[in-house]
Amino acid sequence: MVLSIYDTFSRTPSEITSHSGMVTMYCCGPTVYRDAHVGNLRTFLLSDLIARTIKLSGLSVEMIQNITDVGHMSDDFQEDKMLEQSKREKIDPFEIARKYEERFHQDLANLNIIPAQKYPRASESIQLMHKMISALIDKGAAYVGDDRCVYFDAQSFAGYGQISGNRLDALKPGHRYEYVEDGAKKFHADWALWKAAGNRKEMIWDSPWGPGFPGWHIECSAMSLEFLHGHVNVHVGGIDLRFPHHENERAQSNSITGVESVDLWVHGEHLLFEGRKMSKSAGNVVLLDDVIAKGFDPLALRLCFLENRYRSQMDLSWQSISAAHETIKRWRNKVATWGDASAITTDSTILTFLENDLDTPRVITYLRSIEKDSNISNAQKLNAFNFADQVLGLDLTRAPEERELSAELKELLHQRDAARTAKNWERSDELRSILESAGLEISDSSSGQSWSWR
Ligand code: AMP
Ligand code: ZN
């Protein structure tokens with residue numbers, strides 16, 4: 001068997017195959033003008049789960065994830081997100097890019113995501129984009145407008161709209177769809193491949209059409225085809241990228257290759273936090289660093305994601321992260337007592353769940369039932385958990401933690417003890433909440449306070 005996963009384009013689960021035994025994967029990467037939030041991380045984890053499952057099925061994977069550090073415009077299409085943030089932070093836009101790119105890699109490492117082979121940056125792939133834009137012009141799929149921008153001619157691509165179901169004739173002018181570039185476009189649904197610099201002074205490059213900067217969609221076509229040898233077996237991104245980003249990418253790439261350039265388009269559903277879409281204005285944007293600062297294992301977030309199918313919208317809460325943290329702690333303790341791991345053998349039940357459109361929630365339920373089953377030997381339990389962990393990536397063989405208390409926490413515990421002796425309950429409660437948010441669990445009894453790591 002091999003992994004069968006839902007393909008947005010054909011609207012059916014499709015098998016991931018590769019004649020060479022090597023599966024090429026492309027995952028749309030972060031726009032590095034800010035920290036990735038836990039929603040973005042859910043999508044980045046999806047490509048890790050796919051890659052790990054493919055490997056478990058016996059194939060190899062070559063994965064590329066781009067870094068968008070130019071060309072991704074703000075929601076009103078007025079300004080590049082990088083330049084907007086550069087003004088806000090009063091730092092050079094490339095410095096902003098490198099800062100958030102580094103934090104992105106740190107987040108991936110904390111989530112135990114196996115790195116891609118390469119993380120090409122858009123700003124360092126400008127020549128590739130020029131080459132592709134020139135080829136599109138030569139093929140009659142793109143044209144230079146009076147405003148010296150280069151546009152893709154949407155009507156030149158007959159299959160436009162097949163991923164998202166947005167047909168060209170239904171895309172009426174006025175639909176929220178990059179109309180700000182209206183200027184020299186011949187048709188309302190055409191989009192810019194290269195934008196003339198105009199008043200823009202930073203993040204611009206010379207080009208055969210004059211100074212300017214690339215559009216966001218062309219970068220993914222250029223980088224995916226260049227670094228994955230002209231063909232992508234599996235393309236991954238969040239559901240919001242289905243249209244227009246992936247629709248436009250498909251039109252560009254297919255116009256270049258003359259064939260279907262991507263075998264499978266996989267989209268992960270969005271993450272909500274405590275019932276609401278995460279947004280700055282709602283003040284509910286959560287980062288992995290926030291999870292860590294509360295004393296939770298970052299892999300607790302990974303387990304929360306695994307407990308939900310990637311294709312379902314999911315709601316995350318502090319409560320579910322806390323519960324997942326407890327589960328991982330318990331599992332690590334049990335794995336440590338179940339004995340020493342010998343060679344892992346295939347657990348076909350788990351493999352079947354995974355290969356069936358990444359049914360990680362069923363894997364978790366299965367592990368929970370095995371854990372409690374007294375008819376299953378410890379060696380069998382250990383094998384099932386270790387086998388699953390090759391994809392779950394929860395680091396279950398890690399020795400249960402023996403963390404040292406910092407001097408600061410020792411002092412706070414001491415102060416709380418003193419507050420209780422002085423019957424200063426208000427101060428004692430205040431200190432309890434500080435200690436708890438640092439990851440400690442405090443209990444009081446007649447013999448005094450005791451603590452443990454949460
Ligand atoms: P961005 O950095 O905004 O370009 O987004 C990076 C990735 O995160 C893209 O694949 C988006 O589709 C995805 N994404 C954005 N918001 C969410 C969310 N709330 N839940 C899951 N994925 C998301
Ligand atoms: Zn992309």
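For the numbers below, each heavy atom of this structure counts, side chains included, while hydrogens, waters and symmetry mates do not. Both ligands and their constituent atoms are indexed starting at 1 by order of listing. Heads up: numbering here begins at 1 and tracks the sequence.
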*Give the numbers and elements of all ligand 1 atoms closer than 4.0 Å to a heavy atom of Leu271.*
18 (C), 19 (N), 20 (N), 21 (C)
*Of all the heavy atoms in His37, does at least one lie under 4.0 Å from an atom in ligand 1?*
yes
*Is the closest side-chain donor-acceptor distance between Glu326 and Trp331 under 3.5 Å?*
no
*Numbering as shown, the atoms of ligand 1 that approach Gly238 to under 4.0 Å (heavy-atom distance)*: 10 (O), 12 (O)
*Just need the protein heavy atom nearest to atom 16 (N) of ligand 1, so name the residue and atom and give the distance.*
His270 NE2, 3.5 Å
*Which protein heavy atom lies closest to atom 9 (C) of ligand 1, and at what distance to 0.1 Å?*
Leu241 CD1, 3.7 Å
*At a non-hydrogen distance cut-off of under 4.0 Å, which region of Arg34 contacts ligand 1 (side chain, backbone, both, or neither)?*
side chain
*Assign the ring pair His246 / Trp265 to parallel, tilted or perpendicular, where the plane angle (0 to 90°) is split at 30° and 60°.*
tilted
_Has Asp315 got a side-chain atom pairing as donor or acceptor with Gly275's backbone, closer than 3.5 angstrom?_
yes
*asked:* Which option wins on minimum heavy-atom distance to atom 21 (C) of ligand 1: Pro30, Gly39, Cys27, Gly29?
replied: Gly39
*Anything protein N/O/S under 2.8 Å from the Zn ion (ligand 2)? Just list residue and atom, please.*
Cys28 SG, Cys220 SG, His245 NE2
_Matching residue for Asn248 among Phe157, Trp191, Phe152 - test: side-chain contact (heavy atoms from CB on, under 4.5 Å)_ = Trp191
*Any idea which heavy atoms bring Arg311 and Tyr6 closest together, and the distance?*
NE-CB, 3.3 Å
*Measure the distances from the heavy atoms of Asp240 to every atom of ligand 1 and state whether one is below 4.0 angstrom.*
yes
*Contact between Gly268 and ligand 1, counting heavy atoms under 4.0 Å?*
no
*Going by the atom numbers of ligand 1, which of them fall below 4.0 Å from some non-hydrogen atom of Thr43?*
10 (O), 13 (C), 21 (C), 22 (N), 23 (C)
_Donor-acceptor pair between Asn66 and Glu219 side chains, under 3.5 angstrom_ = yes
*Report yes if Met278 has an N/O atom closer than 3.5 Å to an N/O atom of ligand 1; otherwise report no.*
no
*Please determine if Lys334 and Glu371 form a salt bridge, counting it only when a charged side-chain N lies under 4.0 Å from a carboxylate O.*
yes
*Below 4.5 Å, heavy atoms only, C-beta onward: do Tyr143 and Cys149 meet side chain to side chain?*
no
*Which residue supplies the protein heavy atom nearest to atom 2 (O) of ligand 1, what is that atom called, and how far is it?*
Thr31 N, 3.0 Å
_Donor on one side chain, acceptor on other, Gln162 and Arg167, under 3.5 Å_ = no
*Taking the inter-plane angle between the rings of His235 and Tyr26 on a 0 to 90° scale, is it parallel (under 30°), tilted (30 to 60°) or perpendicular (over 60°)?*
tilted
*When you check the side-chain N and O atoms of Tyr33 and Asp80, is any donor under 3.5 Å from an acceptor?*
no
*Centroid separation Trp205 to Phe213 less than 6.0 Å*: no
*Do me a favour and list the nearest non-hydrogen protein atom to atom 5 (O) of ligand 1 with residue, atom name and distance?*
Asn40 ND2, 3.4 Å
